[in-house]
Amino acid sequence: MDGYTKLKLAAGVLATVGLYSVLYRENKFYRFVEHVFLGLAAGFTVFAVWAETLKVQWWDKMTGSQGEAGSPGTPGFWAYILLLPIGLMGYMVFSKKHNWMSRIPIGVILGFWSGQQIQIFWNKWGPQLNDSMKPIIPTNWSLFRPDMSQMTPEAAAVVQNDIYLSQAINNLIFTFTILAVLSYFFFSFDLKSKFMQTMNKSGRWLLMVGLGAIFGSTVMARFALVIDRMFFIFVEFLQRALFA
Amino acid sequence: MQYYDSGWVGVLVTVLIVAVILATIYRSTKMEGNLFIRRIAGLNAIDEAIGRATEMGRPVVMVPGIGGLDAIAVQAINIFAKVTQTAAKFATPIKLCCADAAVYAVAQETIRDVYQREGLIERFDSEAVQFVSDRQFAFAAGVAGIIRREKVAAAFFLGAFFAESLIFAESANAMGAIQVAGSTQTTQTPFFVAACDYVLIGDEFYAASAYLTRHPILVGSLIGQDYAKIFYAALITFGCLLTSYQMAFTMKTHKRENRQWVALEAPERKTKKDTTFGYIFDVESPTEEEMKVERPQRQPNWWEQAPEAEGGN
Amino acid sequence: MDLMAQISWSHRAGEGGIWTMMLVGFFIGMALMFVISRAPTRARRPIVGAFTFLSGLFYVMLYLWPTPKSKGQFDIPQGPVESVGFFLQDTVPVVKDFASILTAFLLGLGVFSLLRIHLSRIFKGHKDRFFSATLLVSMVLMMIVGYAQWYQREFTAAAKTTDYGNPDNWTGAMQAFDFLFDGLLQQMDAAMFSIIAFFILSAAYRAFRIRSVEATIMLGTALILMLSLMGLVDYLSTTAVASLGGDQNVLQNFTLKSVSDWIKNNLQSPSLRAMEFGVGLGALAMGLRLWLNLERGGVGG
Amino acid sequence: MSLAQRLSSINSQFLYLALIVVTTIFLFPQIKIPNKPDQAAIDLYVAVSQIPADKPLLIQSDWTNSSRGESSGQFEALMRILMRRGQKFVLYSVGDPQAPQVARNVIAIINKERVDAGQQPYLPLRDYVDVGFLPNAEGVGQAMKANIRRAFGDKTNRGADGQERTIWSTPWLAQSKSVKDFGMLINITASSTIDVLIERLGGEVPLGLLCTGVIGPQMIPFYNGKQLVGLSIGLKGVYDLEWMMEHGVRGAQTREVAGPDEVVSANHPDIKIPKLEGKNLDRGSKYYLSLHAALALMIICVILGNLTLIGARLKGRKA
């Protein structure tokens, strides 16, 4: 491993330790690394905004390109320039008199976002609604689906299509959960009936089951990352680079 | 194309829900008196949090999430405008940290507006709203630093939060701050529930502006959303019963082949796809034959490749 | 429509004409901006509303207007319905970038905010001025190095013949960029991301207590899920259940994995779905209010 | 102070230190932990394995170094699967400008592995094309649905001969004119780019997902709603994939006697996917033991945290 790579790894380790030091308490070293971090991030954004976004999405399309051998090139669509004044209106936010104009580019961005909400609504939620309509009457009253490994394919196909009692009960629980939690999110009705209050309360409890399950599985992700950091410090840096 | 087969149902439902929301907005603007909204604990805590910050003489920090400029950020800033209104009256200093320049522009405009309307523009600190970074974790490091250095007494984390949510919540907790949090990202909600004092769950976040302002348009829209939820619940219940009935008590006698119904030799058990709702939701794609259209061709522009060259080497 | 057809929206690249057109376009835009700035107070809201409405309308039309079937690149539309459909389809690749281009233009505001805060700290002798200076120095350094290496990579004559994918061919600027970006910035990202694991531990220790029914339910589910992620525990529970024998079929449903899968599929999935239904409706309603300029309070004014 | 009280008022700095120590120590022993892959991961693996060899895939790689612990393991496993099967693919990113580079680094590592094992490396243009970063996730989704060729534009790759050529010049992409012509779209992500895909490309092309443990739970309803053909979640998902590569998958109907480690898929009754030859176990296997340790520590912490609470309640009841 060459010197540069070692130096790079060492810098990474130092930065990691610096940021971790906040776990003990806020200190000068953390504050230093934090400001380097913020500075690098801002610098990178200023670089990327032109190199990765505006150049590709705006400038190149506006000015076009000259063809090289074989390809005819692309024309420049000059009207893209009209976006620039709209964008500049955003800077009016600091003007005392014309600050309202900064709402125009904001309005355009929000308009596009809003229009897309209507456009994507069904594609996202339709299949979810469909999947929520589960059969709750069993077609086969035995409790569990039998082991299919011993069956002929024809017999297995029939078994596969049957709804067994356990499945029906599960589906019923599923349906109840979805309705109960949905009822928890009714805001504008005063739920007076005993039935609705029970639904509401069980909705809140079932919601907690959902949140607990998320917590349980998300913890894995967090630990995976800290494990990877330790791998970086102790295996990649210390074991493989420093004491190799 | 999108209306093909049963595809029109999706369009119809979307338009219907939109129409219902607009109708309830219209109706509530015409109605008198205060409309009912159920209690949302997280929002009642706003005054308590600001009161404590005022007592301790420490600032209130607000973070509208790390997403770009969309309704979530706008909603967060709407709530923060309300928070700022109270803070302005008590001259409590605020810090609003943004992770997106466009969100920063909106927040700057809105917050100044709040001070102006309250007639307290001299209390407005133009550095109160600041852009920290648009990189997720640089932002997290920066905001955590601000929280710890400024020793904030109250923290509001509302908006689209991702992994960094817990960095904020635990940093604020280490400072002993009262925290009100809410995220539309359901995966972050449990962390907020574990680490914060008050949490807005799910679309309580979207209900917040209606709850705080009681503006008829917002309340009307909320009622419309509730109707849509009732529609969902009814649809699910009805669909569930119909599907159950069809799968348990009716048999499949015909199957669809090349757009034709063909009789089966023996009746089969229906699968989910054979039920009425299964048919409606599972939109069939048109066959290649049906997709074929002959249209006259135009001349390619000089920069376009001629059709025969397309895809070739 | 005739007038629109008269205007040439495109121009060959590399000729003077394109620059003239851009300049003309820019002045037209600035003139419009000037006209808008003179708008009377009561016209302001409708102006902003009109911009918002038109932008949103595009996607709504794209959704509602019948999409023409199998549109070829050189097809001529037949009839007015198809003409609009063709127009919408052809415009998607152009319009899709508008929002991100505008957001990119606004970045200057963010940079301005950073500069204002940190420069004023430096000049006013704030106690953190050293750190503010650090921030500005690293920002400028990153910018210079970033653009320098980009220029060398993309636009120099050497770029056409050299394979910069290979680190041996790197220039000084590329090396520096790699150090700042890959060596520092990315590692800091990862470090900050992984710091959450520590916070999760302390948060769980401090707050995950059986204070109420809700808290207990949440804690219980979380514990089951965590255990099920441990392959070893899961394996042991499966083996234990198998060794109990008896009616295998029934007991199989009580291994750790079956229980956690059951929770995920029959309780977590529907409760999250119901919650997401609400969030989805909230977003739709909010989108609708913003689009139609109905939003009130705070941002809506 | 009683022991119970002391245990439930540990300073959080001690917990942090314990986590560092525990995760580090358990990185070193190499133990193969038994595993039962999730059905969602099996579905994904089977779906990828069943794509015809002549159908290219779309790989949307949106992860960066910040989620390296999970995403890189997933991407490595996916690349190994595709390369062993000789599947052609189009690689692009929308999530982060840096995403293409980390993906390229992984491909370089696996190529080196392949060369060391005496196999052909995977080369741009010949075996895959690298579109790079396309800004604006929503826009790219919209544009891909309308016209994939215009969405990817005239990106070029450097072929084995050192010549830059447009990606559309590759013969195996000639037939791909719309998204529907691709076998599958697989997203490797640590953010909500998958939502954008479901919203805009759902129903156009089968969607597969390799995501972090954070995104995972939120995506399960979409997997249940069949909007995703399969998903692999987090570090467990990485280990699942590695496990299936190492041991193969068979359906519940295939009655051959298999090893105890072989994976049985409940959703595919008559399938038989043999194990893949070569290096299968990597990052997932390395980290899995540490994950156990960390989770165990977490559970202990929660128990300790609850001790006083229970103690105080018991005391209250006595009095």
Side-chain angles (χ1 to χ4, degrees), chain A residues 8 11-12 15-16 19 35-37 39-40 42-43 46-47 49 51 53-54 57-58 64 66 75-78 81-82 85 87 90 98 100 103-105 107-112 114-117 119 170 173-174 177-178 181-182 185 206-210 212-213 215-216 220 222 225-226 229, chain C residues 10-11 13-14 18 21-22 25-26 29-30 33 37 44 48 51-52 55-56 59-60 63 97 99 101-102 104-107 131 134-135 138-139 142-143 146 150 183 185 187-188 191 193-194 196-197 200 214 217-218 221-222 225-226 229 249 266-268 270-272 274 278 284 287 290-291:
Chain A
K8 195 172 126 182
T16 305
L19 289 173
H35 281 86
V36 172
F37 194 4
L40 290 178
V46 174
F47 155 67
V49 76
T53 305
L54 285 180
Q57 292 189 340
W58 184 64
Q66 278 167 300
F77 293 91
W78 58 270
I81 195 78
L82 291 170
H98 297 303
W100 69 275
R103 287 175 190 259
I104 290 177
V108 173
I109 296 172
L110 286 174
F112 282 129
S114 309
Q116 291 197 44
Q117 291 313 301
Q119 186 205 5
N170 282 347
I173 294 173
F174 185 102
T177 308
I178 214 168
V181 177
L182 213 47
F185 289 108
L206 287 163
L207 195 58
M208 288 299 147
V209 175
F215 192 100
M220 163 176 73
R222 316 301 195 200
L225 298 177
V226 85
R229 264 311 73 190
Chain C
S10 64
H11 206 286
I18 182 79
M21 292 306 276
M22 274 163 59
F26 181 70
M30 292 309 276
M33 186 171 150
S37 75
R44 289 176 182 177
V48 177
F51 271 95
T52 316
S55 329
Y59 284 109
V60 175
Y63 179 55
D97 289 335
I101 293 172
L102 287 177
F105 282 140
L106 294 180
L107 184 79
F131 298 108
T134 316
L135 187 150
S138 23
M139 176 174 161
M142 187 69 170
M143 256 163 61
W150 182 60
L185 190 56
Q187 300 299 346
M188 288 170 166
F193 203 164
S194 64
I196 302 161
I200 233 173
E214 275 99 348
I217 294 175
M218 200 172 140
T221 335
L225 262 287
M226 275 192 265
L229 285 174
N249 225 346
N266 295 302
L267 295 177
Q268 179 200 352
S271 63
L272 284 192
L284 179 77
L290 288 169
W291 178 45

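Order of the sequence lines sets the chain letters (A, B, ...), proteins ahead of strands, with each chain counted from 1. None of these values were measured; they are calculated from a predicted model.
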Can you tell me how far the OH atom of Tyr59(C) sits from the CD atom of Gln116(A), to the nearest 0.5 Å? 4.0 Å
Comparing Tyr63(C), Phe131(C), Phe26(C) against chain A, the one with the most heavy-atom pairs below 4.5 Å turns out to be Phe131(C)
Verdict with supporting geometry, Trp58(A) and Asp97(C), side chain to side chain contact (heavy atoms under 4.5 Å, CB included): CA-CA 8 Å; Trp58(A) 184 64; Asp97(C) 289 335; over 6 Å; no
Tell me the closest heavy-atom pair linking Ile178(A) and Ala274(C), and the distance in Å. O-CB, 3.5 Å
Go through the structure and list residues passing ring pair (Phe, Tyr, Trp, His ring centres under 6.0 Å) with Phe193(C), not counting sequence neighbours. Phe137(B)
Out of Phe215(A), Phe185(A), Phe112(A), return the one with the most heavy atom pairs under 4.5 angstrom to chain C. Phe112(A)
Where is the tightest heavy-atom contact between Trp150(C) and Ala51(A), given as atom of each residue plus distance? CE2-CB, 3.5 Å
Only one of Val209(A), Thr177(A), Leu182(A) forms a side chain to side chain contact (heavy atoms under 4.5 Å, CB included) with Ser271(C), so which one is it? Thr177(A)
Between Ala222(C), Gly56(C), Ser138(C), Ala104(C), which residue shows the highest count of heavy-atom pairs closer than 4.5 Å to chain A? Ser138(C)
Indicate the atoms forming the closest heavy-atom contact of Arg229(A) with Ser194(C), along with that distance. CG-OG, 3.0 Å
In Å and rounded to the nearest 0.5 Å, what is the CZ to CD distance from Phe37(A) to Gln187(C)? 10.5 Å
Please examine the side chains of Leu54(A) and Ile101(C), heavy atoms only from C-beta on, and report whether any two atoms are closer than 4.5 Å. yes
About how many Å separate CG of Leu267(C) and CE of Met208(A), when rounded to the nearest 0.5 Å? 14.0 Å
Hey, what do you get for CG (Leu82(A)) to CE (Met30(C)), rounding to the nearest 0.5 Å? 11.5 Å
Determine the minimum heavy-atom distance between Leu284(C) and Gln117(A), stating which atoms define it. CD1-O, 3.9 Å
Which residue is it: Ile109(A), Leu110(A), Val108(A)? I am looking for the one with a side chain to side chain contact (heavy atoms under 4.5 Å, CB included) to Phe51(C). Val108(A)
With a 4.5 angstrom heavy-atom cut-off, is it the side chain or the backbone of Leu272(C) that approaches chain A, or both, or neither? side chain
If you tally heavy-atom pairs under 4.5 Å between each of Pro105(A), Ala42(A), Gly12(A), Gly76(A) and chain C, the highest tally belongs to Gly76(A)
By a 4.5 Å heavy-atom criterion (distance strictly below it), what part of Leu107(C) contacts chain A: side chain, backbone, both, or neither? both
Could you work out, with side chain to side chain donor-acceptor pair (under 3.5 Å) as the rule, every residue matching Ser114(A), not counting sequence neighbours? none
Roughly how far, to the nearest 0.5 Å, is the CH2 atom of Trp100(A) from the OG atom of Ser37(C)? 7.5 Å
Of the backbone (N, CA, C, O) and the side chain (C-beta and beyond), which part of Thr53(A) lies under 4.5 Å from a heavy atom of chain C, both, or neither? side chain
Step by step, would you call Val36(A) with Met188(C) a side chain to side chain contact (heavy atoms under 4.5 Å, CB included)? CA-CA 10 Å; Val36(A) 172; Met188(C) 288 170 166; 4.0 Å; yes
Could you state the interatomic distance from CD1 (Ile104(A)) to CZ (Arg44(C)), rounded to the nearest 0.5 Å? 10.5 Å
Select, from Leu185(C), Asn266(C), Ile196(C), Val48(C), the one with the greatest count of heavy-atom pairs under 4.5 Å involving chain A. Asn266(C)
Trace of the side chain to side chain contact (heavy atoms under 4.5 Å, CB included) decision for Ile217(C) with Leu206(A): CA-CA 9 Å; Ile217(C) 294 175; Leu206(A) 287 163; over 6 Å; no
